[in-house]
Every structure is written in C-alpha cells, then in structure tokens.
Amino acid sequence: MRANVLRLTTLIVILAIVLYPLAWMIGTSFKSPQEIASNIGLIPHEFTPSNFTEGWHKFDVAFGRFFLNSALVATLTVVGNTVSCLLAAYALGRLRFRLRGFWFAIMIGTLLLPGHVLIIPQYILFRTLGLVGGDFPYLPLLVPHFLATEAFFVFLMVQFMRGIPRELDEAAVIDGASAFSVFRHVVLPLSRPALVTTAIFSFIWTWNDFFRQLVYLSQLKDYTAPVALTLFIDSTSESSVGPMFAMSLLSLVPVFLFFVAFQRLLVEGINTSGLKG
C-alpha cells in the first residue's frame with residue numbers, strides 16, 4: 001500500500017512538472033502586458049481576454065491565414081511522406097534487387113546528417129530550379145517529402161513490413177498477382193499502423209517546424225503559424241507578449257486535437273512497427 005502511494009505521488013509530481021509550462025502559458029495569455037512583467041504566477045490578477053482579439057488582428061493579415069497556411073503545408077506533407085515512404089519501404093523491405101542492402105545502408109546513413117547541415121545546399125538547389133519565391137512558395141518545403149527523403153519513416157515502414165509473413169506474398173504470386181498487386185492487396189492493408197504513425201508524426205513535426213519555413217517563406221501572407229509568432233517580438237518597437245502567448249496557445253490546439261483523435265492508433269502503430277524494445 002505504501003509503495004503504491006509513493007508511486008502515485010511520484011507520478012503526480014512528474015505530471016505537474018511536465019504540465020507547468022503549459023499551465024503558465026495559459027495563464028499568461030490572459031494577463032495584461034504590465035502584469036506579465038510583474039506576476040510570474042499561474043493565475044492572472046486581472047483577466048485580459050482582449051489578448052486573443054488583438055493577436056488575431058495584429059497584422060495586415062489575420063492570424064487565421066497563418067493557420068490555414070500551416071494546415072496546408074502539414075496536410076500535404078502527411079500525404080507526401082505516407083505515399084513516398086511507403087513505396088520506398090516496399091521496395092527496400094519486400095522486393096529483391098541488386099545492391100538492395102547497400103542502398104538501404106545509404107538511406108540509414110542519412111539519419112546521421114543534421115538537418116541544419118543540409119539546409120544551405122538544399123536552398124541553393126531549389127533556388128537554381130526556380131522553386132524559391134514562386135507563385136506557390138511552399139514547394140521547397142513539400143517536394144522533398146514526395147521524394148521519400150524522410151529516412152526515419154522509411155526505416156519505420158521497412159521494419160514493419162519485415163514482420164509481415166512472406167508466405168502472403170508467395171501465395172499472391174502463385175495466384176498470378178504482380179508486384180504491384182501484392183503491394184496493393186496484401187502489404188498496403190496490413191501497413192495501416194505504420195502509415196498512421198507516419199502521418200501523426202509528420203503532421204506534428206511539420207506544424208511545429210520553424211527554421212525551414214523561415215528560410216523559404218518571405219511574404220507575410222505566406223507565413224505559417226510558427227513563423228508568424230516571431231512577429232510579435234520586435235526589437236525596434238513595442239513587443240506584444242500577451243497576444244503572442246494567446247496565439248501560441250491557439251497554435252497548440254490543432255496539434256493537441258490531432259494527437260487526441262489518433263492517440264490509440266499512434267500507440268498501436270509504435271507497438272507494431274519495429275520500434276518496440
């Protein structure tokens with residue numbers, strides 16, 4: 001009994017530590033600018049809900065436009081990663097061809113390269129191809145995801161597909177199925193947990209991405225939510241800290257809802273995709 005109480009108390013303390021920053025941000029989003037500097041507590045002395053309306057209409061473009069831009073980029077990224085990584089994983093995990101192990105090792109090796117190392121050569125490449133600053137400025141952010149450049153998701157799906165019995169493929173081939181038919185009718189339906197895991201992580205990581213979006217997006221109307229949040233802090237004028245926290249809180253809502261909606265599928269995908277110990 002005493003051990004259970006101690007375990008429960010420890011979990012509650014850990015949960016409080018983890019949730020404290022979120023609770024502080026919620027409270028700060030309702031504080032006035034003067035109170036933010038003087039009151040470091042969770043509960044504001046005077047509620048200021050006007051932070052939300054001020055932050056929403058702070059710029060020439062309503063903050064809702066930034067949400068739509070983020071939703072567009074995140075949705076297309078999910079589509080690109082799930083489709084391209086699934087095809088690449090099927091080739092590396094189920095098909096037999098020369099140097100398959102070599103190309104798989106090269107793909108795994110790209111995981112060792114930090115993203116910041118690649119950003120300059122990628123920018124030069126996309127600028128040479130005329131994809132930077134065009135009519136659809138999100139192409140540099142989306143094109144790599146449609147080319148299976150996310151090695152982590154390819155590896156995740158390969159590990160999952162290796163757990164699918166090959167007898168299913170052999171039975172389909174005996175029945176006259178082609179490699180594409182095996183993929184369409186056997187591997188694809190059974191890969192649902194890995195696809196869901198890829199979709200969830202792709203959405204969350206893309207929605208929260210800041211650096212790459214800052215590099216490629218130059219027009220205010222094209223900004224995503226993470227980039228737009230930096231506009232509230234201006235070293236040359238007055239900073240709007242209250243509205244910034246209000247919009248930051250709203251920016252967490254899509255990620256929170258997305259995670260809650262697919263939480264069960266996420267856990268199922270992780271448990272069956274080869275990431276378990």
Side-chain angles (χ1 to χ4, degrees), residues 71-115 118 122 125 138-207 209 255 258-277:
L72 175 64
V73 175
T75 301
L76 292 178
T77 298
V78 168
V79 174
N81 276 341
T82 52
V83 173
S84 63
C85 293
L86 179 64
L87 294 174
Y90 176 68
L92 293 172
R94 308 296 286 186
L95 301 182
R96 300 184 184 277
F97 54 91
R98 294 183 59 186
L99 300 178
R100 183 183 64 169
F102 171 77
W103 292 117
F104 182 73
I106 292 296
M107 185 272 298
I108 293 298
T110 61
L111 291 173
L112 303 177
L113 296 175
L118 302 175
Q122 285 180 349
L125 174 63
Y138 306 112
L139 284 177
L141 301 173
L142 299 174
V143 169
H145 298 294
F146 283 87
L147 299 177
T149 59
E150 293 287 350
F152 172 78
F153 296 127
V154 176
F155 172 73
L156 183 148
M157 292 186 182
V158 167
Q159 292 299 102
F160 178 84
M161 290 182 185
R162 285 177 175 173
I164 301 176
R166 284 193 174 273
E167 289 78 5
L168 298 177
D169 298 23
E170 297 171 357
V173 172
I174 293 175
D175 291 338
S178 62
F180 178 78
S181 297
V182 173
F183 168 76
R184 171 66 179 83
H185 299 287
V186 178
V187 176
L188 180 59
L190 295 176
S191 299
R192 177 171 170 264
L195 286 173
V196 171
T197 303
T198 298
I200 293 175
F201 280 114
S202 295
F203 182 87
I204 295 177
W205 291 350
T206 303
W207 185 275
D209 182 33
V255 176
F258 195 87
F259 178 80
V260 171
F262 297 100
Q263 180 182 12
R264 180 181 61 84
L265 296 175
L266 174 63
V267 175
E268 178 185 351
I270 292 178
N271 289 336
T272 58
S273 60
L275 294 183
K276 55 185 178 181

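This chain uses plain numbering: 1 for the first residue, then up along the sequence.
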Kindly write out the residues that satisfy side chain to side chain donor-acceptor pair (under 3.5 Å) with Y90, not counting sequence neighbours, or none if the list is empty. none
Mind listing the side-chain donor-acceptor pairs of residues 172-188 below 3.5 Å, one per line with the distance, residues two or more places apart or on another chain?
unit_1	atom_1	unit_2	atom_2	d
S178	OG	S181	N	3.3
S178	OG	S181	OG	3.2

Could you report the tightest heavy-atom contact between [X] and [Y], atom names first, then the distance?
X    : Y    : answer
V78  : S202 : CG2-CB, 4.1 Å
A91  : F97  : O-CE2, 3.1 Å
L111 : A151 : CD2-CB, 3.6 Å

Do the non-hydrogen side-chain atoms of [X] and [Y] ever get within less than 4.5 Å of each other?
X    : Y    : value
V255 : W205 : no
C85  : L156 : no
M157 : L87  : no

How many angstroms lie between [atom1] in [X] and [atom2] in [Y], if you round to the nearest 0.5 Å?
X    : Y    : atom1 : atom2 : result
Q122 : L125 : CD    : CG    : 8.0 Å
T110 : I108 : OG1   : CD1   : 7.0 Å
L195 : F153 : CG    : CZ    : 11.5 Å
I200 : F258 : CD1   : CZ    : 6.0 Å

Does D169 have any salt bridge (Lys or Arg N to Asp or Glu O under 4.0 Å) partners at least two apart in sequence or in another chain, and if so, which? R94
Pairs of donor and acceptor atoms involving the side chains of residues 140-150, under 3.5 Å and at least two apart or interchain, shall be tabulated with distances.
unit_1	atom_1	unit_2	atom_2	d
H145	ND1	N81	OD1	3.2
H145	NE2	L141	O	3.3
T149	OG1	P144	O	2.8

For P165, which residues count as a side-chain contact (heavy atoms from CB on, under 4.5 Å) partner, sequence neighbours excluded? E167, L168
Quick one: which residue pairs count as a side-chain hydrogen bond (donor to acceptor under 3.5 Å, both in side chains) with a foot in residues 96-105, not counting sequence neighbours? none
Hey, does the side chain of T75 reach the backbone of L72 with a donor-acceptor pair shorter than 3.5 angstrom? no
